[in-house]
Amino acid sequence: MLAEDIKRNIELLNITMQFIGMTRKNFLETTLVHTIPALVLSRNGDALKEVASVVQQKLGVMLMDNISHILAQAFLRPDQTDSALRFLVSLLKDMTSSNPRAQPNISISSLMTACIVDLVVMLIVELGDQNRSVRADAKAALIKASLQQTGSEDIGAFLKPLMLGVISQLNDMLHDVQGKKTVDYKRKIIKSFGSLIRLVGDSMAGFSPQVSIPELREETLKAWALFISTLRFSDVGPFVGRTTGALIANWYTFGPHERDIAAKIINDIADNVKDLSQYVDEIVGLDDIPELQSAATRLTARRRKAKVQDHISKVLDRTDSKNVAIATASTRELKSLLLNRQAEIETLVRGDTFDGVMSRLMTNLLSTATRDGDCQELRALSYECMGIIGALDPDRLGLSSNTGTMTIAANFTEPEESKDFALHLIRDLLVDAFRATNDTKHQTHLAYAIQELLKFCGFSPKILHSSEKVSTRTRDRWESIPKDQLETLTPLLESRFSISDGPIKTYSHPIYSSAPTYREWLQNWTTDLIGRVMSMAGDGPSTRDSKAIFGAFRGVLKNQDVTVAHHLLPHLVLNVLLSGLRNYRLEISSEINAVLQEQVNPTGPADKRTLSAQVIFDLMDHLSKWLRLYRMTKTDRNPQTKIIEEVLSEIETELMANAALQSKAYARALRSFEERTVELRNNKRDNSELQTYFERLHQIYSELDEPDGMEGVSAFVISPSLEHQIREHESTGRWTSAQSCWEVRLQQSPDNVSYHVGLLKCLRNLGHYAEAAWIIGDWTTVKQIGSTGPAIGQTLLALHEHRDLQPVLLSAREKLGTYITAKEYGRAYESLLQLHLVREIEMIHNAKQSIEQTPSGPNRHVLIRKTTQDLIKSLESRFNFTSPTFRIREALLSIRRTAYSLVNTPLFESEIGDAWILSSKIARKAGYDQTAYSAVLQAKEVDAPFAFIQQAKLNRTGGGIYKALTDVDNALKPFLTTDVVIDLTGNRDFSRERKLAKEAIARAQNLSGTPEQISPEAANQIRKITDLMERFLTAFPQIISRIVHPSGRVATILKKIMAAVIVRYPQQALWPTVGAMQSKRPERRQACLEVTNIASTKSQTVAGLIKDATNFSGILLRFTDDKVDEKKRQMSMSNDFDYVTKTKTRMILPLQDALTCALPTTSETVKSHNPFPFTPITISDARLMDLNSMINKLLKSASESRRRQLCEYQTFEQKLTSDIRTYAVMPLNEECGLLEWVANTNALKSILEKGYQRHNKKIYIWNKDKENFEPLIQAFRDQVLPKYTPTVFHEWFLITWPEPSAWLASRMAYGRTLAVMSMIGYVLGLGDRHGENILFDGLSGDTVHVDLNCLFDKVSSPVKGYD
């Protein structure tokens, strides 16, 4: 009214302004969004002009600034819509008619396009009004708007491309991003979601309510329920995981009515489970919530019936989610899985190699524990899961590192690689972040980034239609995106998000010094680098593409979550460095140095320091990886590689080494200290000047638990320090000597706590067991130390004081988890061990409570005994899968004894004695005789049965065999009376079986000798052995070699064994049989024919395979004998030997993995054991390969060889170490055979040639035909070798494995494989070891020997053998 009378009744307006205390201008500026639409509806042009004059704006600008409000009110007034819109268009045309630059065609549609999202949002909000007529007008308004824009009344089609922007803006309003809104108005917005779902139905597919405001929870849940019940379940499917995850994560914060709505949502999903089958695995576990048990039965019950490996894998797919609610709910489900299926999981961590899913499980938990952002509950659950799983032996676990990012080798100069990088960012980073965030402003920025990168990749709405013309590479990229991500990305192909180009923010360097937190430093540095990219001069493809990709992230980095910044930083640094601008390079170098200096001289918060160091280490690895990739593709050393090399060289090696050591990144510290030591030695520095570096190397090897490395470094130490001597003594078990060193240290610094801890550790290992106050029962001291002491101590104190253990356990796990800052399993192992110990305390406490709460009754004793046995069995399994070092396992036993003592349960008393006996056993095997003896004495103190056996073994180890026998005799005398019977065999006399077994073994040892009479009983035993032999192929090649044994009876038995093995495992057994089938010796062929005839009668399938094997092996023999035209340089299998390619066969490829028989790890797994876990692929050296396989088995059985990984461990995905690398050798007859190709290997000669080529040197080769070698040897030693300084072989490891952990693992693998094969080669007299017969695995570093035909000193001259 005031606006309409502004010209006619100025006095009324002035009085009103005086009353409310505002000027006309301020009042009208504040109310423009209401005033202008009202004046347009009343078609009052004069009033509009007067208002524009008062607010000092041009009328056209004022109208366009408020166009969304004008159009919204016009559409919401059905009786005034047409007249108001005509008036508005006419008014704007009149104002622009005299301006030649103005838009020539002003229409309602063009005005709507200018503000389409804002307009639609205003109309949709009115759908939630309580007044039915207002809701009806809003629906009519949307129909009119649709007609104006698309010519159709289909609101769904009209809104679908706008939906993401609409939902984002509605969420902004709910979270007060666009100004404070009342709860009632927000409730109106939530209700509008429901009305919109009813109105447009399927067009809402792809968008689900994401509101988490407590006051609006009930309305949000109702909208969710409507969303689930209205849309088709094929459209709802992609959201059931997120929906159930959010509901379960917030379940315990819901009120009763809210829980009812949430339960209805989940039950609706469960009722339609058949339509959601492909999405069921995304639904989080519901078993822990009683109200949802019915839904759980229908949705998730089948998971409990699945193989435990599959169940774990499905859960891990969800714990990886960037959505914290889903990840948290899924990790809680993982915890329940680990507890409820504990017995099955224990079978996955037995034997020499753990199941591959356990590797993935630990990798996932480490990733969760180090996750950025506010997700403390998620991290706490991951710590608890780690404790439940336990400290798995890293040597048997087989973790592989995967950074989850790609390296842009061409630095945006190749368009296709740039598009691949953009797609990587969308698929592996942005989509998950977009789905996960509840911050709508951040989601909008992420949507903008995705939108821009989709355009960069060449994706447009045309990609959705197969009939549209789109390049093949573009379509292939689109189809490579997972289906669930396509549902998120498709709406963004038509979105119109924009971002204002504000001034580029700059920071003074180093940014690290002024940033108060890790998050701010990382975000500020990443923002600064994006600014550097955007300000680069030039318009070339490289600059243009880098700006297009990195510029899309300008608004993304201002969020609390630093995941995106962490991911982008290495790529930004590399791109900025390669720009070649010196000032940028200096800024980056100063930033890196500032972080590293902080590690060496700490001043700031520990979490900032630790996390920032990890970012720098990741950055260093990324730059090194880029260098490696570039060198692999380019032969020249261009200016770009020089820039990166200079940046890396500018970082002081010593600074990097010390920073890594402080951060406990021991692999990186080792490499840096070694590089520094080599550098100084090349500068002619004497060893006496390098003692500090040798001490550091010795310390690092000690932390890595590598006694061999320690011993090697010690050879260079002239005057060992006390710390050096302590480490040396402790690693070799000389605890008395170590104690003396600690006592000297304490005399020098009596107040140093670390020295007291070291002394206590020595005393414990000497058997005094005074490692800590809780061990000796000094609980007052433990209480005084409080939270500053070890988390284990506080847990045991709570157990001692009978307090509620749960909050103490939670606090202990959180404290221990803070030390897990990197995803490297080795660095986290000490924390994992502590979490393992905390879990065992909890298990013992829970068992005690279960015993106390067992109700009285006839079965009480049975139930209690079962509880006790289950605990003991589980603890035994946990003990066996830990690292087999004395330090680790004695820590377990020590804590168990303390916990058993504190719970004071009679049933556990015997376990204390057993733990002492086990301590004695592992100490004796580790060579710690003093510790073992003290443990035996402690076992005797608690009356542990059979402690005398350990004491006797100790006496025998010390050379007192007679004393050992006397002690055993004296200990057994009380049991050997007529009244006492001790049954060690379970009421069974094995003497007869032993006698017969000895006879059978004696006969087996004499199989090649003269036939002798075999007793009937022995023959019966051999038949029993035959029944067992059919299960395993381990001795099959040896059996085949005896197929023409001179003893008829023995030959018959061997043929039956062969036939049984072929019937049971035809694919694997037929390849070793082929050599006998095609033998040139008639008697062998005849004997093999008898075997195959026996096998053929047992199975028609086997008969067909035998016929196939005979035919195929004949074809291969023909191929080997086929003569070729020596003048022909190139030949083709399909053209020159077409009879081979035309042959069809069902035989498997004779690869080592497919033919190697894996034995069961325990007697419990014999029946269920699968000896061939690797899926075969369908399509002499052989004896030495058998020998090597046997030696691998022997090495696995010894703890010290396992500790040094002197054996082969395999997982289903990869080989971890392979210290005697074997490959398949399949003889076709006595002259011909097949050799397996040894992939990913490099010959020593090739490595050295490339290495010396970088130094412009060639490998010297002498004429080996000369007879007099002495002058040549002297010339080689005195003239040739000095030319090849420095040595280059170590550079191959640095170049091939730039990441320090991979470098260390590969180098250790090289050393171990070289050592083992050298020993085997010496024993076998292996010759012909020149630079092309010694290979090195480019994936693992293993030493691989080939061409093994010179055995048993066949080449007697060492010089000739060397070639």
Side-chain angles (χ1 to χ4, degrees), residues 212 245-253 284-285 287-289 312 315-316 318-340 342 361-392 436 438 518-519 560-563 605-607 610-611 614 787 789-796 798-799 803-823 825 827-843 845-846:
S212 57
L247 295 178
I248 299 307
N250 294 285
W251 183 267
Y252 294 103
T253 65
V284 300
D287 296 330
D288 295 336
I289 300 176
I312 293 173
V315 176
L316 292 181
R318 285 182 274 107
T319 59
D320 278 334
S321 172
K322 296 293 187 297
N323 186 301
V324 175
I326 295 175
T328 303
S330 299
T331 308
R332 191 179 293 111
E333 180 186 356
L334 176 63
K335 172 189 163 184
S336 298
L337 188 164
L338 295 173
L339 292 172
N340 296 332
Q342 180 180 331
L361 175 56
M362 292 308 299
T363 301
N364 180 282
L365 290 174
L366 285 171
S367 178
T368 304
T370 54
R371 184 165 176 161
D372 294 319
D374 183 16
C375 49
Q376 187 54 43
E377 183 185 0
L378 175 59
R379 283 193 286 268
L381 283 167
S382 72
Y383 303 149
E384 189 170 3
C385 288
M386 287 175 181
I388 294 169
I389 297 166
L392 303 178
N438 289 322
Y518 159 73
R519 179 181 63 80
Q560 292 289 322
D561 185 11
V562 296
T563 304
D607 59 338
T610 306
L611 294 170
Q614 190 58 45
S787 59
I792 289 287
Q794 297 306 307
T795 308
L796 290 169
L799 197 62
R803 284 190 278 131
D804 182 9
L805 206 58
Q806 290 308 312
V808 181
L809 290 169
L810 178 62
S811 175
R813 285 191 288 261
E814 287 181 354
K815 183 176 181 179
L816 294 169
T818 57
Y819 298 104
I820 302 175
T821 57
K823 299 174 185 177
Y825 191 77
R827 286 178 62 182
Y829 194 74
E830 188 59 36
S831 296
L832 290 171
L833 175 62
Q834 297 300 312
L835 290 168
H836 180 121
L837 296 175
V838 168
R839 170 61 185 163
E840 294 203 348
I841 295 171
E842 182 182 17
M843 290 170 67
H845 172 70
N846 290 345

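What you see is a predicted model; the values in this text were computed from it and never measured.
- With rounding to the nearest 0.5 Å, the separation of CD1 in Ile389 from CG in Leu361 is 3.5 Å.
- Taking the side chain as every heavy atom from C-beta outward, Ile312 and Asn364 never approach each other to under 4.5 Å.
- To the nearest 0.5 Å, atom CZ of residue Arg839 and atom CG of residue Leu809 are 9.0 Å apart.
- Of the possible donor and acceptor atoms, none in the side chain of Thr610 sits under 3.5 Å from a partner among the backbone N and O of Asp607.
- Taken to the nearest 0.5 Å, the CG atom of Leu816 stands 9.5 Å off from the CD atom of Glu830.
- Side-chain contact check for Leu366 versus Tyr825: some heavy-atom pair is nearer than 4.5 Å.
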Met843 and Asn846: side chain to side chain contact (heavy atoms under 4.5 Å, CB included), yes or no, with the steps?
CA-CA 5 Å; Met843 290 170 67; Asn846 290 345; 5.7 Å; no

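- Taking Ser330 as the reference, Arg318 meet the side-chain hydrogen bond (donor to acceptor under 3.5 Å, both in side chains) condition, with sequence neighbours excluded.
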Passes side chain to side chain contact (heavy atoms under 4.5 Å, CB included), Leu338 versus Cys385? Steps please.
CA-CA 8 Å; Leu338 295 173; Cys385 288; 3.9 Å; yes

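- Residues Glu814 and Ala380 approach most closely at OE2-CB, 4.3 Å, considering heavy atoms.
- Looking at heavy atoms from C-beta onward, Leu381 lies out of side-chain contact with Leu334 at the 4.5 angstrom threshold.
- Side-chain atoms of Thr331 come within 3.5 Å of backbone atoms of Ala327 as a donor-acceptor pair (strictly under, hydrogens ignored).
- In this structure, Arg803 CZ and Thr795 OG1 are separated by 9.5 Å, a value rounded to the nearest 0.5 Å.
- Expressed to the nearest 0.5 Å, how far CG of Leu339 lies from CD1 of Ile388 amounts to 4.0 Å.
- Using a 4.5 Å cut-off on side-chain heavy atoms (C-beta onward), Tyr383 and Leu835 make contact.
- Only one option out of Arg371, Lys335, Arg332 pairs with Glu377 in a salt bridge (charged side-chain N to carboxylate O under 4.0 Å, His left out); it is Arg332.
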Intermediate values then yes/no, side chain to side chain contact (heavy atoms under 4.5 Å, CB included), Met386 and Arg813:
CA-CA 10 Å; Met386 287 175 181; Arg813 285 191 288 261; over 6 Å; no

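- In this structure the side chain of Leu832 reaches within 4.5 angstrom of the side chain of Met362, judged on heavy atoms.
- You'll find the side chain of Thr370 stays beyond 4.5 Å of the side chain of Gln614, heavy atoms only.
- We find the CZ-OG1 distance between Arg379 and Thr328 to be 10.0 Å, quoted to the nearest 0.5 Å.
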Kindly determine whether Val562 and Leu611 satisfy side chain to side chain contact (heavy atoms under 4.5 Å, CB included), including the steps that lead there.
CA-CA 12 Å; Val562 296; Leu611 294 170; over 6 Å; no

